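Okay, so here's the structure we're looking at.
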Amino acid sequence: HYQLGFEIGQRYGHSIRERLNGNVVLQNRVLAYFRNDHNGNLTYHAFYDNQMEAFPLYMEELKGMAHGSKIDEDELFMSNLFEEFSALLPNKSGVGVDG
């Protein structure tokens with residue numbers, strides 16, 4: 001699963017990066033909150049651990065995709081659960097709008 005994700009990341013990395021960079025809410029609010037805020041970071045790790053337990057093969061594929069595309073694993077993970085993470089932001093104005 002890792003190798004498949006890695007190959008997808010290598011092949012489509014440019015498109016993936018464009019999509020992630022174009023998502024203003026992800027870049028300016030979601031990533032900042034879940035990386036820098038103590039409660040946000042705890043929530044992130046709870047989500048991550050839950051997904052690792054429930055979907056270990058998918059998470060391996062996602063890790064491979066991140067490595068193959070040279071995108072931060074956290075960023076790719078949060079983009080895949082964008083709606084869930086967005087809904088948990090403290091001030092929800094503008095949340096849920098992709099970009």
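Along the sequence shown, the residues carry numbers beginning at 1. Note that the structure is predicted; figures quoted are calculated from it, not measured.
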Calculate, to the nearest 0.5 Å, the distance between atoms CG and CE belonging to N80 and M59 respectively. 9.0 Å
Go through the side-chain N and O atoms of E75 and Q27 and say whether any donor and acceptor fall under 3.5 Å apart. yes
Going by salt bridge (Lys or Arg N to Asp or Glu O under 4.0 Å), name the pairs with one or both residues in residues 34-54, residues two or more places apart or in two chains. R35-D72
Give a yes or no on whether H1 atom NE2 has more than 12 heavy-atom contacts from other residues, nucleotides or ligands under 6.0 Å away. no
In this structure, CG of D74 is separated from CZ of F34 (nearest 0.5 Å) by 12.0 Å
Working to the nearest 0.5 angstrom, can you tell me the gap between I16 CD1 and Q10 CD? 11.0 Å
Between F47 and F85, how do the two ring planes meet: parallel, tilted or perpendicular, split at 30° and 60°? tilted
Is any side-chain heavy atom of Q51 closer than 4.5 Å to a side-chain heavy atom of F77? yes
d(I8 CD1, S69 OG) to nearest 0.5 Å is 10.5 Å
Test side chain to side chain contact (heavy atoms under 4.5 Å, CB included) on L31 and Y44; report intermediate values, then the result. CA-CA 10 Å; L31 293 175; Y44 168 82; over 6 Å; no
How many angstroms lie between atom CG of N39 and atom CG of L88, to the nearest 0.5 angstrom? 11.5 Å
Beyond-backbone contact of Y2 with E61, side-chain heavy atoms, under 4.5 angstrom: no
Distance col, row L62:CG vs L57:CG, nearest 0.5 angstrom, shows 12.5 Å
